[in-house]
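The structure under discussion appears below in the form of structure tokens.
Below, chains carry the letters A, B, ... as their sequence lines are ordered, and counting in each starts from 1.
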There are 2 protein chains.
Amino acid sequence: MKTVGQIIRAKRENLGLLLRQVASYLDIDQAILSKIERNERKPTKDNIIKLAEILEFDKEDLLVQYMSEKIAYEIAEEDYASKVLKVAEQKVKYLKSNLIKN
Amino acid sequence: MKTVGQIIRAKRENLGLLLRQVASYLDIDQAILSKIERNERKPTKDNIIKLAEILEFDKEDLLVQYMSEKIAYEIAEEDYASKVLKVAEQKVKYLKSNLIKN
DNA sequence: TTTTAACTTGACATCATTTGTCAAATATAA
DNA sequence: TTATATTTGACAAATGATGTCAAGTTAAAA
């Protein structure tokens, strides 16, 4: 299982793009992108959206990877992680049926 | 489906405890507890642990409620929320099998 | 109704985390 | 070596989380 960072780095190198080039498109310092690719920093949602654009990923797929990874790290240390995810699913359903959509 | 805030308030009133009393046990201002109970602020993990103690909840149950609620709010607006949770489950399994336990 | 106690509200302060910059160090490869 | 790409770590700025406080409101007792 690859991390988002690994996925990004692989694709960037495949496309022959430099850190500098991609970072400039994201409007961040290349140091940050370097760290994102090595899982030393977490990308922002905006970073992910721009990365999907320039690296030709399906935007939703990359966002799913990103958000699920964030959640996984939040709860991975807990014994009851899978219980949390099950309950979260119910709560999401409940919220969706009760939220006023914008 | 009740929120953590609603669960806490119901139990506190049932036990006949005042905001002031419970807040003092949590070592926070009663204003915060008031807001937590009305979902205007999010409790910290430490708040939840102490609440479980003083309000006689099973600690793990309350933590599961708390964490799943946090996650649900993070992703509820997204169309692909349930996809995120499914992928997160896989990622958690992967992390658990690859993490060095402390 | 007046008084008292409980709770709520909002402005603000403090602190931690996140996100970023920069320049020097290191690696890679021409 | 020289040039280019990447990494590193110290630091700064921005954001978000957490808390205090005092005044306002509500509700119920006297």
- Determine whether F57(A) and I48(A) make a side-chain contact, defined as any pair of heavy atoms from C-beta on separated by less than 4.5 Å. no
- Message: Under a 3.5 Å cutoff, is there a donor and acceptor pairing between the side chains of Q65(B) and K2(B)?
- Response: no
- Message: Output the rounded distance in Å from CD1 (I28(B)) to P (dC21(D)).
- Response: 14 Å
- Message: Over all strands shown, is L18(A) touching base, sugar-phosphate only, or nothing at heavy-atom distances under 4.0 angstrom?
- Response: sugar-phosphate
- Between the side chains of S34(A) and R38(A), does any donor sit under 3.5 Å from an acceptor? yes
- Item | Residue from D46(B), L62(B), V4(B) passing side chain to side chain contact (heavy atoms under 4.5 Å, CB included) with L51(B) | L62(B)
- Grab the CZ-P distance between R20(A) and dA3(D) for me, whole Å please. 15 Å
- What are the residues of residues 9-17 of chain A, sorted by number, that bring a heavy atom to within less than 4.0 Å of DNA chain D? R9(A), R12(A)
- Message: Distance criterion of 3.5 Å, no angle test: do you see the side chain of K35(A) paired donor-to-acceptor with the base of dG9(D)?
- Response: yes
- Answer with base, sugar-phosphate or nothing: what part of the nucleic acid does I32(A) contact at a heavy-atom distance below 4.0 Å? base
- Task: Using a heavy-atom cut-off of under 4.0 Å over every strand shown, decide if R41(A) touches base, sugar-phosphate, or nothing.
- Result: base
- Range on DNA chain C touched by chain A - first to last nucleotide, heavy-atom distance under 4.0 Å: dT19(C) to dC22(C)
- Going through the distances and angles, do E56(A) and K11(A) end up as a side-chain contact (heavy atoms from CB on, under 4.5 Å)? CA-CA 9 Å; E56(A) 301 165 12; K11(A) 192 68 177 289; 4.2 Å; yes
- Message: Assess the residue pair E69(A) and V87(B) against the criterion (side-chain contact (heavy atoms from CB on, under 4.5 Å)); give the C-alpha distance rounded to whole Å, side-chain angles, the decisive distance to 0.1 Å, and a yes or no.
- Response: CA-CA 8 Å; E69(A) 192 165 300; V87(B) 177; over 6 Å; no
- Message: Rounded to whole Å, how long is the line connecting atom CG of L33(B) with atom P of dC21(D)?
- Response: 17 Å
- Task: Check the pair E89(A) / K86(B) against side-chain contact (heavy atoms from CB on, under 4.5 Å), numbers first and verdict last.
- Result: CA-CA 9 Å; E89(A) 203 167 343; K86(B) 278 183 190 57; 4.1 Å; yes
- Task: Examine distances only and state if a side-chain atom of K96(B) and a backbone atom of E78(A) form a donor-acceptor pair shorter than 3.5 Å.
- Result: yes
- Rounded to the nearest Å, what distance is computed from the CG atom of residue L19(A) to the C1' atom of nucleotide dT4(D)? 12 Å
- Item | Any R38(A) side-chain N or O less than 4.0 Å from OP1/OP2 of dT7(D) | yes
- dT6(D) phosphate, OP1 or OP2: any side-chain N/O from S34(A) under 4.0 angstrom? no
- Atom-pair distance (CD on E40(B); P on dG19(D)), nearest Å: 15 Å
- Task: Answer yes or no: is there a donor N or O on one side and an acceptor on the other, between the side chain of D58(B) and the main chain of D61(B), under 3.5 Å?
- Result: yes
- Query: How many Å lie between NZ on K42(A) and C1' on dT15(D), as a whole number?
  - Reply: 16 Å
- Message: I'd like to check R12(B) versus R9(B) (side-chain heavy atoms, cut-off strictly below 4.5 Å). Are they in contact?
- Response: yes
- Indicate the atoms forming the closest heavy-atom contact of E53(A) with Y25(A), along with that distance. OE1-OH, 2.6 Å
- Figure out the CG/P separation between D46(A) and dT15(D), and round it to whole Å. 13 Å
- Would you check if the side chain of K42(A) reaches a backbone N or O of I36(A) as a donor-acceptor pair within less than 3.5 Å? no
Would you list the protein and nucleotides 22-29 of chain D atom pairs, both N or O, that sit under 3.5 Å from each other?
none

